[in-house]
Amino acid sequence: MNDLHIYNSISKKKEKFTPIHKGAVGMYVCGPTVYSNVHLGNCRTFLSFDLVFRYLKHLGYKVRYVRNITDAGHLENDGESGDDPILKKARLEQLEPMEVVQKYTVDFHTTMAKFNALPPSIEPTATGHIYEQIHIVEKIIEEGFAYERNGSVYFDVLKFNETNDYGKLSGRKLEDMIANTRELAAQSDKKNPQDFALWKKAEPQHIMRWPSPWSDGFPGWHLECTAMSTKYLGNNFDIHGGGMDLKFPHHECEIAQAEACNNTSPVNYWMHANMLTLNGKKMSKSTGNFILPDQMFTGNNDILSKPFSPTVTKFFMYQAHYRSILDFSSDALEASEKGFNRLMEAHRILLNLDSSDDKSTIDIEAWRKSCYDAMNDDFNSPILIAHLFESIKFVNALKEGKETISKVDLELFKKTMHDFLFEVLGLEDNTSDNSQDSEKLSAAVELLIELRNEARADKDFALSDKIRDELAAKGIQLNDGKKGTTFSLN
RNA sequence: GGCAUCGUGGCCGAGUGGCUAGGCUCAGCUCUGCAAAAGCUGCUACAGCGGUUCGAGUCCGCUCGAUGCCUCCA
């Protein structure tokens, strides 16, 4: 079916992808914490995994894609006085915590829809899986890898590390971590600073709380992902993804929890998407160094020279590999937009091409293979896009009759282009919508083109240039070609 | 301080040790009444220093610089 290789963060190597169950893939991706609008950096990660999801499906796999919504309680810091960002926001906006969660979950969904990202197969919430999380804590205690203190339960990292390897994902050694611990005077219930909370007792003012065998409280941050991934995908599943910044401690803790609980390594392929930077620094909610998707789409921001559509933004992101840091700038986006428009124009020309020959003078099969080779090499979308650009040369040569193509090859060409542009990359050609309004506009502009051509025939260039320039000023550009004049909207 | 990643031509950005990535910009040409659009052609770079090798952007070492994680973050 394929020769897909995936870079596995835990082995730091590209490995041939072999799913646990033939023909099916289980994939879990850490979703957003819904206490504010998702910013563009958040979106990049989800779009990276949308590409993975789409390509796996395109290859014919039956994919169960689980992406959680974190709607409860992890703490801003691990100290006793930690604040839950959702609660904090609820106070700030004078809303019930679940109103905050609802508001930003909706925002997340509408934003991802604008990017034409596919919804996951299952989108579970932390608050919907309290029972499962409590159950895991009980099991970890039973296995002897957790202890209870004053109503809270902590994972015993040192104990775990005696029999397992804590730090194998992030490449850390526990002894180094201990050596580098800055002794913060905070009076903690933890035995060791490296331990992390599985269950936290709620302070009286903490609204989001659930009963448990240890206290009225809330689950630790890392726990929900273990609970929900294993519930829906099994104790051992194929792919776990997330942002690079979650590698440590979040994913490390997930491995520890799952191994402590189920005595098996939870994930076969760990994938980490790299950061989107702004001014050379990671986009981040807490530092304020970010741009919101809607600010991009409307142009309502101080960073960019003009608005950019969701599909252009996505195309820009896919021109870099998901494991590379990508810096965000107006120049880079404008370059992408021009390239994107050229690609879409070529695709429209391709759709109107006919086969006039039995023989092909271009090797579509080889080109098609190079597209798959690119994606099979750890989802290398920039290489794929380079090949798509290469095909523009074919399209133009065919259009001008410099090359020929057989009927079979032409169909294959069209299908391959369509598949990669729209199914795999999930782009949208929004430059040519066929709404009724655009048909009326088209009729009007066609009339002006006709009048202009009459003026040109009469050598009345003052008039013909006026029509051309005035339309251009309105964002309607006339394109004079050999076969007549067409127009495009800017 | 610890762990890790990265440093590619004017800009963005791929690169499995040996063959032109690609996009944007720019220049020339074709087309055009002139333009624009489109097309074609051109632009050989890999932070620095040393090493391995017949051969290194690609491997190793050092130096410089940047970033990420080590506290919530995609």
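Predicted model, so just to flag it, every value in this text is computed and none were measured. Reminder, nothing fancy here: chain letters follow the sequence lines and each chain counts from 1.
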Open item on the list: So, OP1 or OP2 of B/A74: does either fall under 4.0 Å of a side-chain N or O from A/Thr33?
Closed with: yes
Rounded to whole Å, OH of A/Tyr35 lies from C1' of B/C72 at a distance of 6 Å
request  = In sequence, state the C-alpha distance, the side-chain angles, and the governing distance for A/Glu400 and A/Lys402, and then conclude on salt bridge (charged side-chain N to carboxylate O under 4.0 Å, His left out).
outcome  = CA-CA 6 Å; A/Glu400 288 165 27; A/Lys402 288 178 184 167; 3.2 Å; yes
In whole angstroms, the gap separating P of B/G13 from CZ of A/Phe315 amounts to 14 Å
Against the side chain of A/Lys281, the closest entry in B/U67, B/U5, B/U16 is B/U67
* Asked: With a non-hydrogen cut-off below 4.0 angstrom, is A/Ala320 in contact with a base, only sugar-phosphate, or nothing?
  -> sugar-phosphate
Open item on the list: What's the gap between B/U8 and B/G15 when it is taken at their P atoms, as a whole Å value?
Closed with: 14 Å
Rounded to whole Å, CG of A/Asp377 lies from C1' of B/A14 at a distance of 11 Å
ask   = Is the distance from OP1 or OP2 of B/U25 to the nearest side-chain N or O of A/Lys338 less than 4.0 Å?
value = yes
Indicate, with a heavy-atom threshold strictly under 4.0 Å, whether A/Glu334 touches base, sugar-phosphate, or nothing.
nothing
* Take atom P in B/C54 and the same atom in B/C40, then report the distance between them in whole Å. => 43 Å
query: When we call it a touch if two heavy atoms are under 4.0 Å apart, what does A/Lys402 touch: a base, just sugar-phosphate, or nothing?
result: nothing
Taken to the nearest whole Å, CG/A/Leu326 to P/B/U8 is 14 Å
- Task: Could you check whether A/Met244 gets within reach of a base, just the sugar-phosphate, or nothing at all, counting any heavy atom under 4.0 Å?
- Result: nothing
Whole-Å distance, A/Asn192 CG to B/C70 P, equals 19 Å
Closest to the side chain of A/Ser286, out of B/G13, B/C72, B/A4, is B/C72
Minimal heavy-atom distance between A/Thr311 and A/Leu427, with the atoms involved, is OG1-CA, 3.5 Å
Exercise for the section: Would you classify A/His250 as touching base, sugar-phosphate or nothing, given that sugar-phosphate means primed atoms plus P, OP1 and OP2, and contacts are heavy atoms under 4.0 Å? Expected result: nothing
Please report the distance separating the C1' of B/A36 from the corresponding atom of B/U32, rounded so that it comes out in whole Å. 10 Å
Ring of A/Tyr35, cation from A/Lys285 - is the NZ or CZ under 6.0 Å from the centre and inside 45° of the axis?
yes
Per atom distances to the A/Asn42 side chain, the nearest of B/G2, B/A74, B/C11 is B/A74
Quick check, are the ring centers of A/Phe53 and A/Phe379 under 6.0 angstrom apart? no
Tabulate below the donor-acceptor pairs under 3.5 Å that side-chain atoms of residues 237-252 of chain A make, not counting sequence neighbours, or state none.
from	atom 1	to	atom 2	distance (Å)
A/Asp238	OD1	A/Ile20	N	2.8
A/Asp238	OD2	A/Gly26	N	3.0
A/Asp245	OD2	A/Lys282	NZ	3.2
A/His250	ND1	A/His222	ND1	2.9
A/His250	NE2	A/Glu254	OE2	3.2
A/His251	ND1	A/His272	NE2	2.8
A/Glu252	OE1	A/Leu169	N	3.4
A/Glu252	OE1	A/Ser170	N	2.8
A/Glu252	OE1	A/Ser170	OG	2.6
A/Glu252	OE2	A/Gly167	N	3.1
A/Glu252	OE2	A/Lys168	N	3.2
A/Glu252	OE2	A/Leu169	N	3.2

Going 5' to 3' through nucleotides 26-38 of chain B and flagging B where a protein heavy-atom sits under 4.0 Å of the base, S where only the sugar-phosphate is that close, and - otherwise, we get -------BBBBB-
The residue among A/Phe297, A/Phe46, A/Phe108 that forms ring pair (Phe, Tyr, Trp, His ring centres under 6.0 Å) with A/Phe115 is A/Phe297
Where RNA chain B forms runs of at least three Watson-Crick or G-U pairs (i with j, i+1 with j-1, under 3.5 Å), the stems are B:1-7 with B:64-70, B:10-12 with B:22-24, B:26-30 with B:38-42, B:47-51 with B:59-63
Open item on the list: So A/Ala332, base contact, sugar-phosphate only, or nothing? Heavy-atom distance under 4.0 Å.
Closed with: sugar-phosphate
Walking RNA chain B from its 5' end, the first of A/Ala386 and A/Lys247 to be reached, judged by nearest nucleotide, is A/Lys247
Using the rule given for ring-ring contact (aromatic ring centres under 6.0 Å, His included), can you reason through A/Phe196 versus A/Tyr154, listing the C-alpha separation, both sets of side-chain angles and the distance that settles it, and then say yes or no?
CA-CA 5 Å; A/Phe196 56 90; A/Tyr154 297 94; 9.2 Å; no
Exercise. Which is true for A/Gly31 with a 4.0 Å heavy-atom rule: it touches a base, it touches only sugar-phosphate, or it touches nothing?
Worked result: sugar-phosphate
Q: Look at the rings of A/Phe394 and A/Trp367 and say which category their plane angle falls in: under 30° parallel, 30 to 60° tilted, over 60° perpendicular.
A: perpendicular
From CD of A/Gln319 across to C1' of B/C11 the rounded distance in Å is 13 Å
Closer than 4.0 Å, any side-chain N/O of A/Asn380 to the OP1 or OP2 of B/G15? yes
Taking A/Asn376 for its side chain and A/Tyr372 for its backbone only, find out whether a donor-acceptor pair lies under 3.5 Å.
-> yes
Among the nucleotides B/G13, B/A74, B/C70, whichever has the atom closest to the side chain of A/Phe248 is B/C70
### Query
Is the shortest side-chain N/O distance from A/Lys285 to OP1 or OP2 of B/A74 below 4.0 Å?
yes
**OP:** Sticking with atom C1', work out how far B/A37 lies from B/C12, rounded to a whole angstrom.
**Re:** 24 Å
Side-chain atoms of A/Asp245 come closest, of B/A74, B/G39, B/G13, to B/A74
Next on the checklist: What contact category does A/Lys393 fall into here, base, sugar-phosphate, or nothing, at under 4.0 angstrom with non-hydrogen atoms?
Outcome noted: sugar-phosphate
Taken to the nearest whole Å, CE/A/Met275 to P/B/C69 is 7 Å
Would a distance-only check, ignoring hydrogens and angles, find a side-chain to backbone donor-acceptor pair under 3.5 Å from A/Asp378 to A/Asn380?
-> no
Taken to the nearest whole Å, NZ/A/Lys282 to C1'/B/U71 is 11 Å
_Between B/A14 and B/C43 - P atom distance, rounded Å_ = 23 Å
If I pick the C1' atom on B/A56 and the same atom on B/G17, what distance separates them, to the nearest angstrom? 6 Å
When you measure from the centre of the six-membered ring of A/Tyr28, is the NZ or CZ of A/Arg67 under 6.0 Å away and within 45° of the axis? no
- Message: Please check: side-chain N/O of A/Asn42 versus main-chain N/O of A/Val38, any donor-acceptor pairing under 3.5 Å?
- Response: no
Ignoring hydrogens and geometry beyond distance, is the side chain of A/Arg172 in donor-acceptor contact with the base of B/C70 at under 3.5 Å? no
